Amino acid sequence: MFKRMKEDIDTVFDQDPAARTSIEVILTYSGLHAIWAHRVAHALFKRKMFFLARLISQINRFFTGIEIHPGAKIGRRFFIDHGMGVVIGETCEIGDGVTVYQGVTLGGTGKEKGKRHPTIKDNALIATGAKVLGNITIGENSKVGGGSVVLKDVPPNSTVVGIPGRVVIRDGVKVRKDLNHSDLPDPISDKLATMEQEIARLNIELSAMKKERSHSG
């Protein structure tokens, strides 16, 4: 248990340059507190002590602002940065080395039964405010941009942005986990820019046609 806790602390130092000392991390990092409380709740949930598991998860939510259903399966080196407003659903499965930021929702899309929450594969990164909904899979080493809404599977080594989420990068190599939230490709803006160029071209052609008509008149 203590070895696992040390690994969690080391993960914070690896992912957050603001972390200074182990005492500071242990006492002040709500994402770390949420993960530790979830492990207790999940152990109780697996033993069918559902009420006690939910009670711990709700206390966890009250103190950290992070809601993790005790049924969720979370791997090693999971890092929640800041964390306020993070929601992780019951049938969510999270691999190793995953990072999520504040305001992320890993939720369902309705009242369906069975597996209804996302599967997040190893080393994925879910940026601020992103919503990943339904029984879908985010592939290994993939990134979901801030504010995106993802409703379909994301291949490995991809970057997804937009509403609904669109894959904008897929290069077949491991994606580094240093996502700059303000520096992502925006397919909607790119499309609007293309439309503006087309409108400008049509205006030029229309002006030329008017001149030809006035000369012929």
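Quick caveat, the model's predicted, so the values are computed rather than measured.
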Working to the nearest 0.5 Å, report the span between [atom1] of [X] and [atom2] of [Y].
X	Y	atom1	atom2	result
Thr11	Leu32	OG1	CG	9.0 Å
Ile9	Ile23	CD1	CD1	8.5 Å
Thr99	Asn123	OG1	CG	8.5 Å
Asn60	His33	CG	NE2	10.0 Å
Tyr29	Ile80	OH	CD1	13.5 Å
Leu106	Ile126	CG	CD1	6.5 Å

Do Val132 and Val154 touch side chain to side chain, with heavy atoms closer than 4.5 Å?
no

Closest contact, heavy atoms only, [X] versus [Y]:
X	Y	answer
Ala127	Val104	O-CG2, 3.2 Å
Pro118	Gly107	CD-O, 3.5 Å
Ser142	Pro156	OG-C, 3.5 Å
Gly145	Ala130	O-CB, 3.7 Å
Ala124	Ile138	CB-CG2, 4.2 Å

Once salt bridge (charged side-chain N to carboxylate O under 4.0 Å, His left out) is applied, do any residues pair with Glu198, and if so which ones, sequence neighbours excluded?
Arg201

Just to verify, what does Lys6 make a salt bridge (charged side-chain N to carboxylate O under 4.0 Å, His left out) with, not counting sequence neighbours?
Asp10

Residues clustering with Leu133 (ILVMFWY side chains joined when closer than 4.5 Å, directly or via others):
Val149, Leu151, Ile163

Side chain to side chain contact (heavy atoms under 4.5 Å, CB included) partners of Pro155, counting only residues at least two apart:
Ser158, Val167, Arg170

Partners of Ser30 by side chain to side chain contact (heavy atoms under 4.5 Å, CB included), sequence neighbours excluded?
Thr64, Ile66

In a table with atom names and distances, give each donor-acceptor pair under 3.5 Å that connects a side chain of residues 85-96 to protein atoms at least two apart or in another chain.
residue, atom, partner, partner atom, Å
Glu90, OE1, Arg116, NH2, 2.6
Thr91, OG1, Arg116, N, 3.0
Thr91, OG1, His117, N, 3.0
Thr91, OG1, His117, ND1, 2.8
Asp96, OD1, Arg76, N, 2.7

Is there a side chain to side chain contact (heavy atoms under 4.5 Å, CB included) between Ile59 and Leu55? Walk through the geometry before answering.
CA-CA 6 Å; Ile59 294 171; Leu55 180 62; 4.1 Å; yes

Sorted by chain and residue number, the side chain to side chain donor-acceptor pair (under 3.5 Å) partners of Thr109 (sequence neighbours excluded) come out as Glu112

Please identify each residue that fulfils side chain to side chain donor-acceptor pair (under 3.5 Å) with Lys131, with sequence neighbours left out.
Thr105

Summary of salt bridge (charged side-chain N to carboxylate O under 4.0 Å, His left out) pairs that have at least one residue in residues 31-56, sequence neighbours excluded
Asp8-Arg39

What salt bridge (charged side-chain N to carboxylate O under 4.0 Å, His left out) pairs are there with at least one residue in residues 59-72, not counting sequence neighbours?
Arg61-Glu67

Would you say Val40 and Met49 are hydrophobically clustered, going by side-chain heavy atoms of ILVMFWY under 4.5 Å?
yes

Joint cluster assignment, Val100 & Met84, ILVMFWY side-chain distance < 4.5 Å
no

Those residues that, when tested against His42, pass ring pair (Phe, Tyr, Trp, His ring centres under 6.0 Å) (two or more places apart):
His38

Among residues two or more places apart or on two chains, list those pairs meeting ring-ring contact (aromatic ring centres under 6.0 Å, His included) that have a residue in residues 50-79.
Phe45-Phe50, Phe45-His69

Please walk me through it: do Ile35 and Ile74 pass side chain to side chain contact (heavy atoms under 4.5 Å, CB included)?
CA-CA 9 Å; Ile35 293 168; Ile74 298 177; 5.6 Å; no

